[in-house]
Amino acid sequence: EADEKLIMERVALSDFFFLVVDGPVSDWPFDRQQRALLPKVQAWCEANRRPVARYEIFGQRMVLYQRPEIPFASGRP
């Protein structure tokens, strides 16, 4: 398991951050810890980052958050 303070520091340093918001929950300690931290991390991301895309991969819904100072891409490749 990771230290909660370290996790939040890493999230705060990230320009981009994928957050798994829904999907199957495994029984691994790390996965259980991340699921328990989801409300706190998601609230921080909503307050400090901009959601730019949503994906569903392997049955997991994810949100890509971006630092608001970074401009949106001006189109798709």
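Only a predicted model underlies this, so the values are computations on that prediction, with no experimental measurement involved. Position 1 is the first residue of the sequence, and the numbers go up from there.
With hydrogens and angles disregarded, no donor-acceptor distance shorter than 3.5 Å links the side chain of Arg61 to the backbone of Glu56.
Arg67 is linked by a salt bridge (Lys or Arg N to Asp or Glu O under 4.0 Å) to Asp15, counting only residues two or more places apart in sequence or in another chain. With sequence neighbours excluded, no residue forms a side-chain hydrogen bond (donor to acceptor under 3.5 Å, both in side chains) with Ser14. Residues satisfying the side-chain hydrogen bond (donor to acceptor under 3.5 Å, both in side chains) criterion with Glu4, sequence neighbours excluded, are Lys40. The side chain to side chain contact (heavy atoms under 4.5 Å, CB included) test applied to Leu6 returns Asp3, Glu9, Arg10, not counting sequence neighbours. Applying the ring pair (Phe, Tyr, Trp, His ring centres under 6.0 Å) rule to Phe18 yields the partners Tyr55; only residues at least two apart in sequence or on another chain are considered. Partners of Val52 under the side chain to side chain contact (heavy atoms under 4.5 Å, CB included) rule, at least two apart in sequence or in another chain, are Arg50, Leu64, Gln66, Phe72.
When side chains are defined from C-beta on, Phe16 does not count as touching Arg49, because their heavy atoms never get closer than 4.5 Å.
Residues Pro51 and Val63 come closest through the heavy atom pair CB-CG1, 3.9 Å. Pairing each heavy atom of Cys45 with each of Phe17, the nearest pair is SG-CD2, 3.9 Å. Summarising the geometry of Arg35 relative to Val21, their closest heavy-atom pair is NH1-O, 3.8 Å, with the distance given to 0.1 Å.
Leu13 CG to Met8 CE: the interatomic distance, rounded to the nearest 0.5 Å, is 11.5 Å.
In this structure, Val41 is not a member of the same hydrophobic cluster as Val20, with clusters built from ILVMFWY side-chain heavy atoms closer than 4.5 Å. In the hydrophobic cluster analysis, where Ile, Leu, Val, Met, Phe, Trp and Tyr join through side-chain heavy atoms closer than 4.5 angstrom, Tyr65 is grouped apart from Met62.
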- Message: Set out, in order, the CA-CA distance, both residues' side-chain angles and the distance that settles side-chain contact (heavy atoms from CB on, under 4.5 Å) for Gln33 and Trp28, then state yes or no.
- Response: CA-CA 9 Å; Gln33 179 193 32; Trp28 292 97; over 6 Å; no
- Task: Would you please test Leu38 and Leu19 for side-chain contact (heavy atoms from CB on, under 4.5 Å) and show each step?
- Result: CA-CA 8 Å; Leu38 176 62; Leu19 183 63; 3.9 Å; yes
- Message: Does Asp22 form a side-chain contact (heavy atoms from CB on, under 4.5 Å) with Gln60? I'd like the steps, not just the answer.
- Response: CA-CA 6 Å; Asp22 189 32; Gln60 296 187 344; over 6 Å; no
